[in-house]
Amino acid sequence: MQEKPATAERTIKLDSTVRVRFAPSPTGGLHVGSARTALFNWLFARHAGGVVVLRIDDTDVARSETRHEESILEDLRWLGLDWDEGPDTGGPVGPYRQSERLERYRAAAAALLATGHAYHCFCTEERLEALRAEQRAAGVTPRYDRRCAALSSEEAGRRLAGGEPAAVRFAVPAAEVAVDDALRGVVTVGASALGDFIILRSDGVAGYNFATAVDDAAMGITHVIRGDDHLTNTARQLLLLRALDALPPRYAHHGMILDPEGGKLSKRHGATSVGEFRELGYLPQALVNYLALLSWSHGEEEILEPEHLVTEFELERLSPSAAAFDRGKLDWLAHEHVMRLDPEEHARRFAARLPAGTPPQAAAALAAAAQPSLSAYGEAPAFAAAVLEPPQLDEAAVALVGGAREQLEHLAEARAVAAEWLEPAAARALLAAYREWGAARGLSAKRLLMPLRLALTGREHGPELHYVLAALDRATALDRVREALDRADPSSSAKGARP
RNA sequence: GCCCCCAUCGUCUAGCGGCCUAGGACACCGGCCUUUCAAGCCGGCGGCACGGAUUCGAAUUCCGUUGGGGGCACCA
């Protein structure tokens, strides 16, 4: 018996308002993969002027935790992905936690039982496990053998009345299911690959596919954008929706995120959760931009702010293939976003990452020095420490400093009569005068400045020197120069130390 | 094992039968700038997985192979 595609004749009304949902499971933090899926849904809905629903899929009672729900909401907010209806805000089709909707699932299951679309199953876990092992060994797709479907209603009723635990299974029709995917066209899944799955566990809690189908219908969800790992689930949900006589949403299955080697994304390759990227100090708009660019593109433009993404997003341009997570490209994009940030906003974020007690003048100078090169604010402490922490000069550095005594003493004199703190511009002017003075004596910029850098920071590399000078107060700068000179030639310290 | 999906530079992608001796971005390499390292700017390297078929013409369509990914729970 051939059956026509389920969705073809049941398309969503064109004039209906777009309604999408994020449906995270609170069994852990928000993964970048889930965040990207949420982002696509959000972009699609916001672009269309639609409604975003946040639904907590917490039917896994054993693994769901409130603290995870809270952290997911926090991560979503941090990313700027807001919702119109959800467990915190409420809404017309609530409640928005599946654990609070169990009665609805039971009622729907009862309806399916009554119409013969579902049946009670008394099989034990042990039997099911053995069955699966057997099937696997025989090289066939493991699936329920429908033993309990053959039970007469009298017998089932008798066993139920006797208190025997029973789950409810959906009777999958022996036909093919056609998923009309927005990105892939019609994908046909043989029902033989599905098996009669459980819609209500023996403890009375709904299974994932059932709760999802019931809620997508009850909440008026018009579009479901999700990873292609859900393709076979979609077939199940379509069957369920049809049995429930409900209109299915439009589905779009995008590709998944892979690790840099093309495998499954895992911790082995660094941060994988939104929370980790936040802690590393990435700008949320940068992570959003990067995630959007994995599987989606907009011409040659790559650096896009969230508002821009909303106006340009088109579902049809989502790629059906998988994409590897590239930390290098994320860092480049993040860097671009840092450079575009308002300098004051940047300085505020930078300073917030510095140790307590860092002088504001130092923080300001270092922030200005760092803006053209940072990718994430987690880099701030090390960037600042390289300048602020007492310098450690090695032998070579000491020798270089010793060879530049005259220049350094001249610079120290100039610094000694200047303000306690120098703005970067003032420091730059001071250095310009120093270079002029040196040039008149035939000293190259390098011979003037490298010894100074070494004396001040002990390092060959670092921010431009005027920022270094601006980050150190007068006393500290002078102490460092004198100390370095002292080490170069202790005997001349009396000469070197001027009032 | 069975079922499903995917397949353009190392990576993300543009390309939707002739505008393609395949464009952009990251990375990489080289140069410039420069007190250093970065950053920035300029240039270079580098790809249609393979085999058939359709067509006057294929990266673009179809079939197969190979490769990768996903699914196959009283998890979601």
Side-chain angles (χ1 to χ4, degrees), chain A residues 23-27 34 57-60 62-64 98 121 123-125 128-129 132 135-144 165-169 179 181 183-184 187-190 192-195 197-209 211-212 227-233 235 253 255-256 258 260-264 290 293-303 317 319-333 335 339 369-374 383 386 431 435 444-454 457 459-466:
Chain A
S25 178
T27 52
S34 315
D57 280 11
D58 57 353
T59 51
D60 186 342
R63 293 197 301 149
S64 293
Q98 293 190 323
C121 175
C123 293
T124 62
E125 296 243 30
L128 295 173
E129 225 166 278
R132 275 193 294 272
Q135 289 168 324
R136 242 173 261 253
V140 295
T141 302
R143 60 171 184 272
Y144 184 57
V168 178
R169 281 185 190 273
V179 179
D181 185 90
L183 308 177
R184 299 160 199 260
V187 175
T188 307
V189 179
S192 59
L194 265 22
F197 53 94
I198 286 179
I199 58 176
L200 221 54
R201 302 186 187 105
S202 51
D203 64 1
V205 176
Y208 166 74
N209 283 295
T212 298
D228 63 16
D229 51 335
H230 280 288
L231 226 27
T232 48
N233 284 330
H253 297 89
M256 320 219 45
L258 270 25
E261 272 99 58
K264 199 181 161 99
Y290 178 68
L293 253 31
L294 272 183
S295 289
W296 184 82
S297 66
H298 175 62
E300 317 247 282
E301 273 185 284
E302 301 216 273
I303 301 153
R317 292 193 66 84
S319 164
S321 48
F325 193 90
D326 182 355
R327 185 65 178 273
K329 182 130 187 185
L330 166 63
D331 282 345
W332 168 76
L333 255 180
H335 168 238
M339 287 203 292
Q371 188 159 14
S373 60
L374 275 196
F383 187 95
L431 287 177
R435 291 174 65 169
S444 69
K446 190 161 186 163
R447 286 192 58 194
L448 255 7
L449 299 171
M450 189 47 85
L452 176 59
R453 174 180 296 284
L454 253 10
T457 68
R459 299 164 197 253
E460 288 179 29
H461 311 307
E464 291 180 275
L465 264 180
H466 61 279

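These numbers come from the heavy atoms of this one structure, side chains and all, not from hydrogens, waters or symmetry mates. Lettering of chains follows the sequences in order, A, B, ..., and the numbering in each one begins at 1.
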If you apply the rule side chain to side chain contact (heavy atoms under 4.5 Å, CB included), what do you find for Leu374(A) with His335(A), and how did you get there? CA-CA 6 Å; Leu374(A) 275 196; His335(A) 168 238; 5.9 Å; no
Please determine whether a side-chain nitrogen or oxygen atom of Arg459(A) lies at a distance below 4.0 Å from atom OP1 or OP2 of U36(B). no
P atom, G46(B) versus G64(B): distance in rounded Å? 35 Å
His335(A) side-chain proximity, nearest of A39(B), C5(B), G71(B): A39(B)
Counting side-chain heavy atoms from C-beta on, which of U36(B), U13(B), U11(B) comes nearest to Met450(A)? U36(B)
Using a heavy-atom cut-off of under 4.0 Å over every strand shown, decide if Ser321(A) touches base, sugar-phosphate, or nothing. sugar-phosphate
Distance check needed: U13(B) C1' versus Arg317(A) CZ, whole Å only. 10 Å
G24(B) to G47(B) separation - P atoms, rounded to the nearest Å: 15 Å
Where do Asp228(A) and Arg184(A) land on the salt bridge (charged side-chain N to carboxylate O under 4.0 Å, His left out) test, with the steps shown first? CA-CA 10 Å; Asp228(A) 63 16; Arg184(A) 299 160 199 260; 3.4 Å; yes
Please state how far atom CZ in Arg453(A) lies from atom P in U34(B), giving the value in whole angstrom units. 16 Å
Starting the side chain at C-beta, find the nucleotide from C26(B), A73(B), C5(B) nearest to Arg132(A). A73(B)
Which of C72(B), C12(B), C6(B) is nearest the side chain of Pro142(A)? It is C72(B)
With the side chain of Arg184(A) defined as its heavy atoms from C-beta on, choose the nearest nucleotide among C6(B), A39(B), G70(B). C6(B)
What does G1(B) pair with, Watson-Crick or G-U, if both distances are under 3.5 Å? C72(B)
Give me the distance, rounded to whole Å, that separates G68(B) from C29(B) when you measure between the C1' atoms they each carry. 29 Å
Without decimals, in angstroms, what is the distance between Asp181(A) CG and C6(B) C1'? 12 Å
Within the 4.5 Å heavy-atom criterion, are Leu452(A) and Leu465(A) side-chain neighbours or not? yes
Looking only at G40(B), U13(B), U35(B), the nucleotide nearest the Met339(A) side chain is G40(B)
Taking the ring centre of each residue, are Phe197(A) and Tyr144(A) less than 6.0 Å apart? no
Would you mind reading off the distance between Lys329(A) atom NZ and C28(B) atom P, rounded to a whole angstrom? 13 Å
For the pair made of CG in Leu231(A) and P in C3(B), what is the distance, rounded to whole Å? 16 Å
Is there a Watson-Crick or G-U wobble partner for A39(B) with both distances under 3.5 Å, and if so, which one is it? none
Of the listed nucleotides C4(B), C6(B), A76(B), the one nearest the side chain of Pro320(A): C6(B)
Spacing of Glu300(A) atom CD relative to A14(B) atom P, expressed in whole Å: 11 Å
So what does Ser297(A) hit on the nucleic acid, given a heavy-atom distance under 4.0 Å: a base, only sugar-phosphate, or nothing? sugar-phosphate
Is Asp331(A) touching bases, backbone alone, or none of the nucleic acid, heavy atoms closer than 4.0 Å? nothing
Counting any heavy atom closer than 4.0 Å, what does Pro463(A) reach on the DNA or RNA strands: base, sugar-phosphate only, or nothing? base
Given U13(B), is OP1 or OP2 found less than 4.0 Å from the side-chain N or O atoms of Ser295(A)? yes
For RNA chain B, whose closest nucleotide is more 5', that of Ala445(A) or that of Ala166(A)? Ala445(A)
Tell me: CD of Glu464(A) to C1' of U36(B), nearest whole Å? 10 Å
Using whole Å, report how far CG of Leu200(A) lies from P of C74(B). 13 Å
Counting only distance, no hydrogens or angles, is the base of A76(B) paired donor-acceptor with the side chain of Asn233(A) under 3.5 Å? yes
Who is the Watson-Crick or G-U wobble partner of U21(B), with both distances under 3.5 Å? none
From the candidates A76(B), A39(B), C26(B), the one with an atom nearest any side-chain atom of Ser373(A) is A39(B)
What contact category does Cys121(A) fall into here, base, sugar-phosphate, or nothing, at under 4.0 angstrom with non-hydrogen atoms? nothing
Ignoring hydrogens, what is the shortest heavy-atom contact between Leu183(A) and Ser319(A)? Give both atom names and the distance. CD1-O, 4.5 Å
Would you measure the distance from the C1' atom in G51(B) across to the matching atom in A58(B) and give it in whole Å? 15 Å
To the nearest 0.5 Å, atom CE of Met339(A) lies from atom OG of Ser373(A) at 9.5 Å
Return yes if the base of C4(B) and the side-chain atoms of Thr232(A) contain a donor-acceptor N/O pair under 3.5 Å, otherwise no. no
Using the C1' atom as the reference point in each nucleotide, state the distance between C45(B) and C9(B) in Å, no decimals. 10 Å
Considering every strand and a 4.0 Å limit on heavy-atom distances, what is the contact class for Ile198(A): base, sugar-phosphate, or nothing? base
Is the phosphate of A76(B), meaning OP1 or OP2, less than 4.0 Å from a side-chain N or O of Thr59(A)? yes
Do any side-chain nitrogens or oxygens of Arg136(A) fall under 4.0 Å of OP1 or OP2 in C72(B)? no
My understanding is that a pair needs two contacts under 3.5 Å, Watson-Crick or G-U wobble. By that rule, which nucleotide pairs with C26(B)? G10(B)
What are the two closest non-hydrogen atoms of Tyr290(A) and Leu333(A), and how far apart are they? CA-CD1, 3.6 Å
What nucleotide among A76(B), C5(B), U35(B) has an atom nearest to a side-chain atom of Tyr208(A)? A76(B)
Could you check whether Ser444(A) gets within reach of a base, just the sugar-phosphate, or nothing at all, counting any heavy atom under 4.0 Å? nothing
Looking at A39(B), C5(B), C12(B), which one has an atom nearest to any side-chain atom of Val187(A)? C5(B)
Identify the nucleotide, in any strand shown, that forms a Watson-Crick or G-U wobble pair with C50(B), with both distances under 3.5 Å; if there is none, say none. G64(B)
Could you tell me how far U54(B) sits from C48(B) if I compare only their P atoms? Round to whole Å. 24 Å
Can you tell me if Asp57(A) and Gln98(A) form a side-chain donor-acceptor pair at under 3.5 Å? yes
Where each residue is assigned the nucleotide of RNA chain B containing its nearest heavy atom, which of His466(A) and Leu128(A) is assigned the position nearer the 5′ end? His466(A)
Distance between the C1' atoms of G18(B) and A27(B), in whole angstroms? 34 Å
Would you mind classifying the nucleic acid contact of Gly462(A) as base, sugar-phosphate or nothing, using non-hydrogen atoms under 4.0 angstrom? base
Mind checking the P distance from A14(B) to U61(B)? Whole angstroms is fine. 14 Å
Ser295(A) and Ser321(A): which non-hydrogen atoms are nearest, and at how many Å? OG-O, 3.8 Å
